[in-house]
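Here the structure comes first, spelled out in structure tokens, and everything after it is commentary.
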Amino acid sequence: QMQLVESGGGLVQAGGSLRLSCLASGRTIRGYAVGWFRQPPGKEREFVASISRYGASTTYADSVSGRFTISRDYAKNTAWLQMNSLKPEDTAVYYCAASIGSTFDEGSYWGQGTQVTVSS
């Protein structure tokens, strides 16, 4: 089994930055695609960013493109989400996920989330 733990969330003013981390244990993340998702208050969970297996490519939601950056560090077995120019609408619980396949679903590994709150 792989376990994922998110950290780095908190309260930040609009225009500020945060860096979220996703620490994996039990498996190396090298062989897994890693994704970041978020769930704003009262809304459905939505895709934020992903990095492919072996780090070949990255994908971003239009809402965060140019502001967020996903990365991974095999030595630390950690994935990161650098969040810049934060907006109040970025407020959400952020989750990381790891998948050995091409999609993130119930069969994927999921963390328990970290709260990000952006004030106006």
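Please read all numbers here as calculations on a predicted model, not as lab measurements.
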Side-chain touch Arg27/Gln3, heavy atoms, less than 4.5 angstrom: no
With under 30° as parallel and over 60° as perpendicular, where do the rings of Tyr95 and Trp110 fit, or are they tilted in between? perpendicular
Less than 4.5 Å apart, side chain to side chain, heavy atoms only: is that true for Thr114 and Leu20? yes
For Val118, which residues count as a side chain to side chain contact (heavy atoms under 4.5 Å, CB included) partner, sequence neighbours excluded? Val12, Ala14, Leu86, Pro88, Asp90, Thr91, Val116
Is the side chain of Asp73 donor-acceptor paired with the backbone N or O of Ala79 at a distance under 3.5 Å, no angle test? no
Do you know the tightest heavy-atom contact between Tyr32 and Ala98? CB-CB, 4.1 Å
I'd like to check the side chain to side chain contact (heavy atoms under 4.5 Å, CB included) partners of Thr78; sequence neighbours left out, ordered by chain and number. Ser21, Leu23, Lys76, Trp80
Over all heavy atoms of both residues, which pair between Gly31 and Ile100 is shortest? Give the atoms and the distance, please. O-CG1, 4.0 Å
Residues that Tyr54 engages under side chain to side chain contact (heavy atoms under 4.5 Å, CB included), provided they are two or more places apart: Arg30, Tyr74
Side-chain heavy atoms of Gln82 within contact of Ser17, under 4.5 Å: yes
Between Glu6 and Gln112, is there a donor-acceptor pair closer than 3.5 Å when you use the side chain of the first and the backbone of the second? yes
Parallel, tilted or perpendicular, as decided by the 30° and 60° cut-offs, for the rings of Phe68 and Tyr94: tilted
Compare every heavy atom of Ala24 with every heavy atom of Leu4, then report the nearest pair and how far apart it is. CD2-CB, 3.6 Å
Residue set satisfying ring-ring contact (aromatic ring centres under 6.0 Å, His included) with Tyr60, at least two apart, ordered chain then number -> none
Just grab all the salt bridge (charged side-chain N to carboxylate O under 4.0 Å, His left out) pairs involving residues 45-64, residues at least two apart or on different chains. Arg38-Glu46
Is there a donor-acceptor pair closer than 3.5 Å between any side-chain N or O of Thr58 and the backbone N or O of Ser50? no
Backbone N/O of Asp105 and side chain of Thr103: donor-acceptor pair under 3.5 Å: no
Kindly compute the distance separating CZ (Arg72) from SG (Cys96), expressed to the nearest 0.5 Å. 11.5 Å
Any residue meeting side-chain hydrogen bond (donor to acceptor under 3.5 Å, both in side chains) with Ser119, in chain and number order, not counting sequence neighbours: none
Could you tell me if the side chain of Arg19 sits less than 4.5 Å from the side chain of Leu81, heavy atoms only? no
Same cluster (ILVMFWY, side-chain, under 4.5 Å), Val48 and Met83: yes
Candidates Tyr109, Trp36, Phe37, Phe47 - the one meeting ring-ring contact (aromatic ring centres under 6.0 Å, His included) with Phe104: Phe37
If you count every heavy atom of other residues, nucleotides or ligands that lies below 6.0 Å from Gln13 atom CD, does the total exceed 12? no
